[in-house]
Amino acid sequence: MQRSVGQKEIEAVERWLRSLQDDLTGKLEALDGGARFHRDTWQRPEGGGGDSRVIEEGALFEKGGINFSSVHGAALPPSATARRPELAGRSFRATGVSMVLHPRNPYVPTTHGNWRFFVAEKQGEEPVWWFGGGFDLTPYYPFLEDVQHWHRQSRAACLPFGEDVYPRYKRWADDYFHLKHRDEPRGVGGLFYDDLNEWGFERSFEFSRAVAAHFIPAYNPIATRRRHTPWGEREREFQLYRRGRYVEFNLVYDRGTVFGLQSGGRIESILMSLPPLVRWRYDWRPEEGTPEAALYRDFLKPRDWLEG
């Protein structure tokens, strides 16, 4: 069921996304406890702009960003029409919030969240619109209780919308946050959804708000539990190595990154998702029986985390 949307609905989504950015900014500054987000606004020559907020060298976050954007253009870029060729040539309006957090302590997972809304228009035809988004967790030294908590919050966000919603969007996250060239998950997943309009505008909008509302309850307890865990050079080296996988995914597969680059977005804001330090090692593998090997053996395999 796809009801047509107009300026009223677009403005309602944009107001919510701006308030979401403010809410996340305040709560993550409080969680960090030592730094504030630097804020700057930008304009896109082709139409629209955004508000970028970046935190660096905080007490918890080595680097993080929360971006709001609202852009429009004469034609959807190839990244947006590859899966939906029937939309090629339509003008577009796209608005969203994208967030990435890279903690310094290797025991605190990297995390990502994204909430977006698209409208594709063509003269003489009804607009085509959809919501997308989700969140995922990328631990380096994971704990089962943390991953279970993360997925329980994911399920709680979905449950009011049907018993089948969490399994479907959890599986989509497992498939999406996957480095095909390495046949390896980026992390332990979470939720991912796209092209969401079959519930109608109001309920689809409500679902995006529900997912966003569960991010802080999902992430803060994990970060709070692990932020003071002692670590040394070994853990730091492994964290930087695994961050390389994050860079590979974002530059090769991430739809938001590719869309931003193809649509002429602000480069600094698009690439704020990349970690400040990273390293690659040639054909390196962890030794059997080590904590590093446990990540691959026990966690980088899609499974039903609710069952333990």
Side-chain angles (χ1 to χ4, degrees), residues 54-58 60-67 79 98-114 134-143 146-147 150 173-190 192 219 222-223 226-227 229-262 265 267-303:
V54 175
I55 190 170
E56 295 181 295
E57 300 301 327
L60 173 64
F61 300 118
E62 188 172 10
K63 183 185 177 187
I66 312 169
N67 285 345
S79 61
S98 181
M99 171 193 62
V100 179
L101 303 169
H102 293 288
R104 179 177 287 99
N105 189 320
Y107 287 94
V108 184
T110 287
T111 190
H112 155 264
N114 180 268
F135 50 58
D136 71 298
L137 193 71
T138 306
Y140 309 104
Y141 290 93
F143 296 82
D146 294 347
V147 181
W150 180 259
D174 290 339
D175 292 341
Y176 177 69
F177 296 110
H178 189 88
L179 287 84
K180 299 178 183 65
H181 60 284
R182 294 188 182 274
D183 192 23
E184 178 183 297
R186 184 167 85 173
V188 296
F192 181 84
Y219 187 68
I222 298 171
R226 308 303 169 193
R227 65 183 298 168
T229 303
W231 56 277
E233 183 178 351
R234 172 183 179 145
E235 291 83 2
R236 178 62 162 174
E237 287 295 304
F238 185 61
Q239 178 197 46
L240 298 186
Y241 172 74
R242 288 298 307 174
R243 279 179 175 178
R245 301 295 204 267
Y246 208 91
V247 172
E248 290 176 23
F249 180 88
N250 274 33
L251 293 182
V252 177
Y253 300 113
D254 184 77
R255 292 180 186 175
T257 301
V258 176
F259 175 85
L261 294 174
Q262 291 184 350
I267 298 300
E268 288 299 321
S269 298
I270 296 166
L271 298 184
M272 69 86 190
S273 63
L274 301 182
L277 296 173
V278 63
R279 69 174 300 180
W280 281 267
R281 299 174 63 181
Y282 180 74
D283 199 24
W284 180 85
R285 291 174 176 81
E287 295 182 15
E288 290 294 326
T290 63
E292 293 79 17
L295 171 69
Y296 295 84
R297 184 187 66 240
D298 300 331
F299 291 90
L300 294 185
K301 297 177 180 179
R303 55 185 270 198

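The figures here come from the full heavy-atom set of this structure, side chains too, leaving out hydrogens, waters and symmetry mates. Bear in mind the structure is a predicted one, so any value in this text is a computation, not a measurement.
- No side-chain donor from either of S269 and N67 sits under 3.5 Å from a side-chain acceptor of the other.
- With a 4.5 Å cut-off on side-chain heavy atoms, F299 and P139 do not count as touching.
- In terms of heavy atoms, P291 sits closest to R234 at CD-NH2, 3.8 Å.
- Counting heavy atoms from C-beta outward, Y176 and D136 have side chains that stay 4.5 Å or more apart.
- You'll find the side chain of L277 reaches within 4.5 Å of the side chain of R236, heavy atoms only.
- Within a 6.0 Å sphere centred on CD of E184, other residues, nucleotides and ligands contribute more than 12 heavy atoms.
- Put simply, the side chain of R245 does not reach to within 4.5 Å of the side chain of T138, judged on heavy atoms.
- In this structure, R242 does not pair ionically with E292, as no charged nitrogen and carboxylate oxygen lie closer than 4.0 Å.
- Here L295 contributes atom CG and L300 contributes atom CG; the two are 4.0 Å apart, rounded to the nearest 0.5 Å.
- Side-chain contact check for I66 versus I55: every heavy-atom pair is 4.5 Å or farther apart.
- Residues L60 and A223 share a closest heavy-atom pair of CD2-CB, 4.2 Å.
- In this structure, the side chains of H102 and V278 stay at 4.5 Å or more apart for every pair of heavy atoms.
- For the pair R186 and F249, the cation sits on the ring face: its NZ or CZ lies under 6.0 Å from the ring centre, inside 45° of the axis.
- Not less than 6.0 angstrom separates the ring centroid of H112 from the ring centroid of Y246.
- Atoms CZ and CZ, from R227 and F61 in turn, are 7.5 Å apart once rounded to the nearest 0.5 Å.
- Not counting sequence neighbours, the partners of D146 by the side-chain contact (heavy atoms from CB on, under 4.5 Å) test are F143, I222, R225, R226.
- Here the closest non-hydrogen pair linking P302 and D174 is CB-OD2, 3.6 Å.
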Problem - Audit row: F177, L137, side chain to side chain contact (heavy atoms under 4.5 Å, CB included) steps and yes/no - result: CA-CA 10 Å; F177 296 110; L137 193 71; over 6 Å; no
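- Residue K63 holds its NZ atom at 11.5 Å from OG1 of T110, rounded to the nearest 0.5 Å.
- Side-chain contact check for Y141 versus T229: every heavy-atom pair is 4.5 Å or farther apart.
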Handout entry: Worked check of salt bridge (charged side-chain N to carboxylate O under 4.0 Å, His left out) between R104 and E57
Key = CA-CA 8 Å; R104 179 177 287 99; E57 300 301 327; 2.5 Å; yes
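- Summarising the geometry of M272 relative to V54, their closest heavy-atom pair is CB-CG2, 4.3 Å, with the distance given to 0.1 Å.
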Practice task
Applying side chain to side chain contact (heavy atoms under 4.5 Å, CB included), run through Y140 and R243 and close with a yes or a no.
Solution key: CA-CA 9 Å; Y140 309 104; R243 279 179 175 178; 3.5 Å; yes
